[in-house]
Amino acid sequence: MRTALYPGTFDPITLGHLDIIRRSATLVDKLVIGVAINRDKGPLFSLEERVGMIEAECVGLAEQTGLEIVVHPFENLLIDCANDVGAQIILRGLRAVADFEYEYQMVGMNRVLDSSVETVFLMAEARYQAIASKLVKEIARLGGDVSKFVTPLVNEALSQRLSS
Ligand code: ADP
């Protein structure tokens with residue numbers, strides 16, 4: 001059984017994340033979505049809210065693809081989290097050159113910490129590639145339409161959070 005850990009902040013989950021999750025079904029049997037608590041990043045949504053949105057969006061995806069999906073909050077070292085959940089693979093999405101430098105360093109350092117866990121990068125479909133949670137929040141905050149970047153459920157959560 002092949003298991004991957006897909007870590008991130010998911011503040012909030014976007015169509016870019018969901019595309020990566022869907023694509024992972026061709027590579028693994030089980031995907032553990034690791035939701036980083038990331039207090040330092042000052043997330044807009046609480047951990048429980050982020051987990052709830054991911055779970056709601058992944059039910060259909062799991063049915064469609066046959067992929068087993070588990071949502072797992074974590075605060076420890078990524079490589080320890082991978083071992084805790086029995087993942088042989090860390091899955092990351094790659095957007096642009098800007099992501100590369102950081103990811104390159106992470107892979108290098110994680111490999112020193114544990115060389116048995118392999119990092120795999122996937123690219124989202126072209127129309128989802130530019131989507132970033134940070135920009136989605138900025139656009140929504142300024143009253144822009146983010147319906148092409150997130151699901152209706154997340155869109156609603158964003159308008160509620162930003163109007164209160
Ligand atoms: P992090 O704080 O780890 O960057 P994010 O929630 O922003 O957390 O992203 C989680 C993962 O999903 C990262 O590997 C990121 O590169 C990837 N990702 C986010 N948006 C996209 C996208 N539009 N296309 C491809 N990968 C993406």
Side-chain angles (χ1 to χ4, degrees), residues 3-28 30-58 61 65 67 69-82 84-85 87-111 113 117-141 144-155 157-158 161:
T3 302
L5 170 66
Y6 178 37
T9 313
F10 304 101
D11 185 42
I13 188 161
T14 68
L15 297 182
H17 294 126
L18 287 166
D19 191 61
I20 296 293
I21 295 169
R22 183 177 296 111
R23 277 164 202 285
S24 77
T26 60
L27 301 173
V28 295
K30 179 175 173 183
L31 186 71
V32 179
I33 304 178
V35 188
I37 295 176
N38 261 344
R39 290 195 192 87
D40 297 350
K41 274 200 174 175
L44 179 64
F45 294 102
S46 70
L47 180 67
E48 291 70 26
E49 289 168 327
R50 284 180 279 144
V51 166
M53 284 188 268
I54 299 170
E55 280 175 346
E57 298 303 348
C58 286
L61 250 182
T65 59
L67 178 69
I69 303 177
V70 174
V71 185
H72 176 86
F74 77 104
E75 200 166 21
N76 55 342
L77 207 55
L78 181 58
I79 211 81
D80 290 339
C81 176
D84 290 347
V85 301
Q88 307 87 0
I89 295 170
I90 291 173
L91 177 69
R92 296 286 288 171
L94 258 195
R95 281 166 296 198
V97 191
D99 280 341
F100 182 78
E101 180 108 25
Y102 175 69
E103 298 292 341
Y104 174 84
Q105 287 188 315
M106 271 237 301
V107 173
M109 297 189 74
N110 281 334
R111 205 167 259 175
L113 296 175
V117 178
E118 206 59 65
T119 304
V120 171
F121 294 96
L122 290 180
M123 276 169 65
E125 190 181 312
R127 67 191 153 129
Y128 300 134
Q129 270 173 26
I131 305 175
S133 300
K134 185 167 173 255
L135 295 176
V136 166
K137 285 181 282 187
E138 269 176 42
I139 295 169
R141 220 170 248 135
D145 176 13
V146 293
S147 60
K148 292 212 168 62
F149 309 133
V150 295
T151 62
L153 178 113
V154 173
N155 197 359
L158 276 165
R161 178 57 40 92

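We count ligands from 1, going down the list as the structure has it; atoms in each ligand are counted the same way.
- Taking both residues in full, the closest heavy atoms of A56 and L153 are given as CB-CD2, 4.2 Å, listed atom of the first, atom of the second, then distance.
- Interface atoms of ligand 1 facing F10, defined by a heavy-atom separation under 4.0 Å, are 6 (O).
- In the vicinity of A124, heavy-atom distances shorter than 4.0 Å reach the ligand 1 atoms 24 (N), 25 (C).
- Using a 4.0 Å cut-off between a side-chain N of Lys or Arg and a carboxylate O of Asp or Glu, K137 and D11 qualify as a salt bridge.
- Taken from CG in L47 to CZ in F74, the straight-line distance is 10.5 Å, to the nearest 0.5 Å.
- With R50 contributing its side chain and T9 its backbone, the two residues share a donor-acceptor pair below 3.5 Å.
- The shortest N or O to N or O distance between T14 and ligand 1 is not below 3.5 Å.
- With rounding to the nearest 0.5 Å, the separation of NZ in K134 from OG1 in T14 is 14.5 Å.
- Contacts between Q129 and ligand 1 below 4.0 angstrom, taking non-hydrogen atoms only, involve the backbone exclusively.
- Atom numbering of ligand 1 starts at 1 in the shown order; those under 4.0 Å from a heavy atom of G16 are 22 (C), 23 (N).
- Neither the backbone nor the side chain of L122 comes within 4.0 Å of ligand 1, counting heavy atoms alone.
- Taking CG from L67 and CG from L31, the interatomic distance works out to 5.5 Å, rounded to the nearest 0.5 Å.
- At least one heavy atom of P7 sits less than 4.0 Å from an atom of ligand 1.
- Annotation: side chain of R141 is in contact with side chain of L44 (closest heavy-atom distance under 4.5 Å).
- Nearest to atom 17 (C) of ligand 1 by heavy atom, out of Y128, Y6, Y102, is Y6.
- Checking only distances, T9 does come within under 3.5 Å of ligand 1, N or O to N or O.
- Distances between N or O atoms of A132 and those of ligand 1 include no value under 3.5 Å.
- When R95, R50, H17 are checked for heavy-atom proximity to atom 5 (P) of ligand 1, H17 turns out nearest.
- Of the protein's heavy atoms, G93 O, 2.6 Å lies nearest to atom 16 (O) of ligand 1.
- Put simply, the side chain of C81 does not reach to within 4.5 Å of the side chain of E75, judged on heavy atoms.
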